[in-house]
Structure formats: C-alpha cells, structure tokens
2 protein chains.
Amino acid sequence: MSTKERLIEAGLRLLEAEGPESLNARKLAGEIGASTMTVYTHFGGMAGLYETLVRRAFVQFGDALAAVDRTDDPVADLLALGMTYREFASANPQRYRLMFGVTAPGSGAAAANDVTEEGTPSTLPEASATFDELRRAVQRSLDAGRIHGDDAVAIAGQFWSMVHGFVLLEMSGFFGADGRGVTTVLAPHATNLLLGLGDDPAAVAGSTQAARERFGAAEASPRAEAAPGARAAPRAAGVRRGPRPGRTSGQ
Amino acid sequence: MSTKERLIEAGLRLLEAEGPESLNARKLAGEIGASTMTVYTHFGGMAGLYETLVRRAFVQFGDALAAVDRTDDPVADLLALGMTYREFASANPQRYRLMFGVTAPGSGAAAANDVTEEGTPSTLPEASATFDELRRAVQRSLDAGRIHGDDAVAIAGQFWSMVHGFVLLEMSGFFGADGRGVTTVLAPHATNLLLGLGDDPAAVAGSTQAARERFGAAEASPRAEAAPGARAAPRAAGVRRGPRPGRTSGQ
DNA sequence: GAGCTTGGCATAACTATGTTATGACTATCA
DNA sequence: TGATAGTCATAACATAGTTATGCCAAGCTC
C-alpha cells in the first residue's frame, strides 16, 4: 500500500481509537514508521490531510447509505436509511464530527478551515452525494403518493435536520446512554414527521415495522465500518474512551 | 471590571470576531493587556477558560430563550422559542458551536475535553436549564390539548433535534445562504411535527402566523442578537454582535 | 552507461501555543 | 509591622505544525 494510503487509513483509525487530539503529524507519521514530512509531501499539510479524511469518510458514509436496499415500500426505505445513518454516526462519532466540521482535531484544524470549519461539507461533492441519497428516497415516497409536497429537497432537508440533530445531541449525552433515545425520540419524531407529511397512520406503522425488521437483519451483515453492536451495546462509557497518553509534560 | 471578567468577555468577542483559532492564551491576554499567566491564575488553563465561556454562553442563550413571551397560545410560544433559538445560533455561530462541543478552538480545546469534547453540555446545569425551557413549552402545549403524548421530555427532544440539526446544517452552508432554509425547511418541518403530534391544521397555521408576527415585531426591538435575516433580510455579516447578558426583564 | 531530473522522504530547525517555575508586588490581617 | 495570600509579569519548556535542506532511488536523455 502506498504511503499516502497508509496515512489515510492510520488517520481514520487513530481518529476513532484515540480521539481527534491524536490526529497530529508526528503521531500519524510514527504510526506508519515515517517522518512528518510525508504529510507535507502527499497532502500539503495537516489541513490537506483533514480534507482527505473528510472526503474518504463521506465516501464510506455514502457507501453505507447506498447499501440500504430499495424495496417497494419507499417509506420503509427512508426509515431504514435514517437508521443506517444514525448507526454509522454512532459507530464512528469522531469521524462523523470531522465530516461535519464539528471536531477539534487540534490547532492545525482551525487553520484547515476552508474544509474543517464552516464550508466543510456543503462544498464537497462527496457530501452532496450523501444528501442526494436521502433526496431520492424522499422523491420515491412522494411518487408513491405516501407523502405529499412539491419539493423533495426541502422535505429531505427536514429528515436530515431530524437525524443530524438527533445524532449530535445523542453523542453529546442527551437522550441517555444506550440507544434509548432512538425509541423515545428519533423513532417517534420520524413517525410524526411522516404523519405531518400526509402519510397514513397505519401505513407509517407498517413501514416502521418493516424497517425495524429489515434493520435487525442487516445488523448481522459484516459491514466494515459499521462497528460492533451499535444498537445493542453502544459505547455506554461515552464517546471518547482513552487514557490520553502523555499529555502536558508527561508528569 | 475584574481581569477575570475581562478575559471572559474578550474570549467571547474574539471567538465570534476572529474564529475559534484566535482563542489562544497569548492573543487573549494581549487583548486585555495582560500576560498569559492570568489565564492560569483565574481558570487553571485554557480548558477552564473554555468551560467558563461555554457556561457563560449557555446563560446568555438561556436568557434569550427565557425572554420569549408566554401567551395563551402555547404552540405559538413554542414556535417563537424555536425561532429565537435559531436566531441566537445564527447570530453567534462560533459561540453555538462551542456550546455544543462542536468547535475547533485549537489544540488546547482537544485537551479541554471533559468540557469541550463529549460530555460538554449534557452535564452542565446551564445547558439543562436551556432544554428545560423547551420542555416547559411542550408541556404547556400538551396541557392545552393542542398536541398529544405522554412524555414532554421525549417530545421536547424531537423539537430540539429538529432545530439543532437545522441550525448546524444551515451553518455548514446547506439550505442556502440567507435565511432561506427557514422558510423552506425549518418552518415546514415544525408544521409537520406539530401535525404529527395531533395538532389541528388550522390551529397550527394560526399559531405559526402568530409566532411570525410576534417575531417580526420583536425584530424591531433593540435585541442585539436578534439579527435581521430570519425571514427576508440576508444577514450578511450576521456573525458579529454579542448578546448582552441579563435582559431577562421581559418575562 | 554517464549524467540529469524528479519525486519521496529523513533530519533538523523554526514558529506558535499551552503550560510551568519563579519572583515581585499589593492587599489584608493579626 | 510583619506575615500571608492572591495577582500577575517574565522567562523558560514541551508539543505540534511547518519549512529548509539534502540524500537517494527511479527514470530519462544523450
């Protein structure tokens, strides 16, 4: 594997394993047995590396979403998409935060802006693709007459706000530790939103059940970054984890 | 004013004015004509300063939300609360990000963890108070029979997910630049959620109109952070202007 | 094949930032 | 008046991003 690729993989791994503060040039380089210079040769600096990681993460994220089956129940598909979305974020919280310019990868990241700070995802084609997956599911639900409206993008934005907000608040520790918030907050929210969009209560219940069953089955599949037990035993100890080696003066 | 207080205010000001990367000890100290040592004397380090800024920001945020009038239309109150919420976040994006452990204030912030990274808000009483404001509005809507459900906290969580997710995505540049997303995404989302919660369509429309008018009126008031852009105006430089604390009179 | 060019990379130095050690100065109090 | 505690400037140290420099191997030209 090329040095560049090894750096990227080490970066993604270190990010989740030791948190964003370990995403520094020296540690990264040490991880692959190279010098910090490689970061500059291949990425122009830490900012470039961050951007590459963000793109890569979005691709993986997009792959995970694209892997959701499309059935003849577009609303169930939409719900399954949401569950997968939340699953990915819960399993890779640091990655998710980085993707949405929401992490603190160290001082360099602040300089990395352009990518990390504000415009981050909205200008990345990889991110747009992610959103597009959602938009299509909404469009199919519209086409099927399950929900009503004239702007699939706007409706997709509502679903996105819902899941994105939930996921971040859940990561921050609101909504309880285990996946409890999913049943108390996210699922009812999705139901309410669908009802508000005009879907039939019975149909919503059916699609919810279908998505739930489908999702329980999908859990057995060996998805790479769909880390262990996101639903059953999701990191009760919280997002971080980590003795945080040798901070400050080591003392 | 005490050195400590001046550091806090300089911190909040620098944060919005120059971004999180300017929130460093030397710049901060220079801002008030002191040495970096003051940061350690008063806050124990940058981490302590961050935590103080987060608490202060939550207090200001809570004040802004508490200043929303309570009328005999609890749903309109709820919507006004949401608009105020979004307004605060849009006017003080860096502050909002910091509050939710969502900013990248430089390498120190990663160390600031404990506060900045994961548990940030969920363990801060100031943050809980914020959420409680929302919960009460939901409870009043339940009591009034406008919406149905047995768990005000869970329902409040849905509203919170909605606004939080919207606000962050809007900051990241999705949903367009001006407040356009508010009318295309956030407002319809709120309507749909209310409908899903059992409110009457006509009643929702009425409350929405009431909230809109009330908010438009409030816009004329000399609220610092009540920036223009929610409906029509662009809020080009909306990043500036800090909210003056302690305007809790209107309650 | 000899020499040149290019790209990858190690070494080491430079800069910025968090942090700490030290000591001076001031206010308060016994 | 002397002691103590708190505040804070100076200066040094550690870490992390970055850059300068040069080595070296792979091609390429002649």
Side-chain angles (χ1 to χ4, degrees), chain A residues 1-8 10-11 14-15 18-54 98 103-117 242-251, chain B residues 1-8 10-11 14-15 18-54 98 103-117:
Chain A
M1 198 188 327
S2 72
T3 300
K4 184 171 183 175
E5 192 61 26
R6 284 196 301 156
L7 271 178
I8 294 173
L14 269 181
L15 179 64
E18 305 186 18
E21 73 274 13
S22 285
L23 215 55
N24 63 65
R26 283 175 176 78
K27 190 154 200 165
L28 212 47
E31 195 75 9
I32 67 165
S35 79
T36 61
M37 194 56 211
T38 59
V39 173
Y40 296 85
T41 298
H42 292 291
F43 303 99
M46 287 304 291
L49 176 61
Y50 290 140
E51 176 175 342
T52 303
L53 292 183
V54 168
L98 182 66
T103 192
S107 58
N113 293 343
D114 295 324
V115 166
T116 306
E117 191 170 5
R244 194 180 354 271
R247 234 172 44 63
T248 63
S249 55
Q251 241 64 359
Chain B
M1 198 188 326
S2 72
T3 299
K4 184 171 183 176
E5 192 61 27
R6 284 195 300 155
L7 271 178
I8 294 173
L14 269 182
L15 179 63
E18 305 186 18
E21 72 274 14
S22 284
L23 216 54
N24 64 66
R26 282 174 177 78
K27 191 154 201 165
L28 212 47
E31 196 75 9
I32 68 166
S35 78
T36 62
M37 193 57 211
T38 58
V39 173
Y40 296 86
T41 298
H42 293 289
F43 303 99
M46 287 303 292
L49 176 61
Y50 290 140
E51 175 174 344
T52 303
L53 291 182
V54 167
L98 183 66
T103 193
S107 58
N113 294 342
D114 297 325
V115 166
T116 305
E117 193 167 3

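Chain A is the first sequence line, chain B the second, and so forth, proteins listed ahead of strands; every chain is numbered from 1.
In this structure, CE of B:Met46 is placed 8 Å from P of C:dT19, rounded to the nearest angstrom. When the P atom of C:dA13 is taken as reference, atom OH of A:Tyr40 falls 17 Å away, rounded to whole Å. Regarding B:Glu31, its CD atom lies at a distance of 17 Å from the C1' atom of C:dT17, rounded to whole Å. Per the geometry, CD1 belonging to A:Ile32 stands 8 Å off P belonging to C:dA10, to the nearest Å. Distance, A:Arg26 CZ to D:dG17 C1': 7 Å, rounded to whole Å. Taking atom CG of A:Asn24 as the reference point, atom P of D:dT18 lies 11 Å away to the nearest angstrom. Rounded to a whole Å, the CZ atom of A:Phe43 is 17 Å from the P atom of C:dG7. We find that CG of B:Leu28 is positioned 9 Å from P of C:dG18, with the value rounded to whole Å.
In this structure, A:Phe43 and A:Leu53 have side chains that are not in contact, with every pair of non-hydrogen atoms separated by 4.5 Å or more. Residues A:Leu98 and A:Pro20 are not in side-chain contact: their nearest non-hydrogen atoms beyond the backbone lie 4.5 Å or more apart.
For B:Thr36, counting side-chain heavy atoms from C-beta on, the closest listed nucleotide (D:dT19, C:dT17, D:dA11) is D:dA11.
Between A:Ile32 and A:Ala10 the shortest heavy-atom distance is CG2-CB, 4.0 Å.
One N or O on the side chain of B:Thr52 and one on the backbone of B:Gly48 form a donor-acceptor pair closer than 3.5 Å. Put simply, the side chain of B:Thr41 gets close to the backbone of B:Met37: a donor and an acceptor are under 3.5 Å apart.
Salt bridge status for A:Glu31 with A:Arg6: absent, with no side-chain N to carboxylate O gap under 4.0 Å.
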Would you give a per-nucleotide map of nucleotides 3-8 of chain D, 5' to 3', where B means the base has a protein non-hydrogen atom under 4.0 Å away, S means only the sugar-phosphate does, and - means neither?
----SB
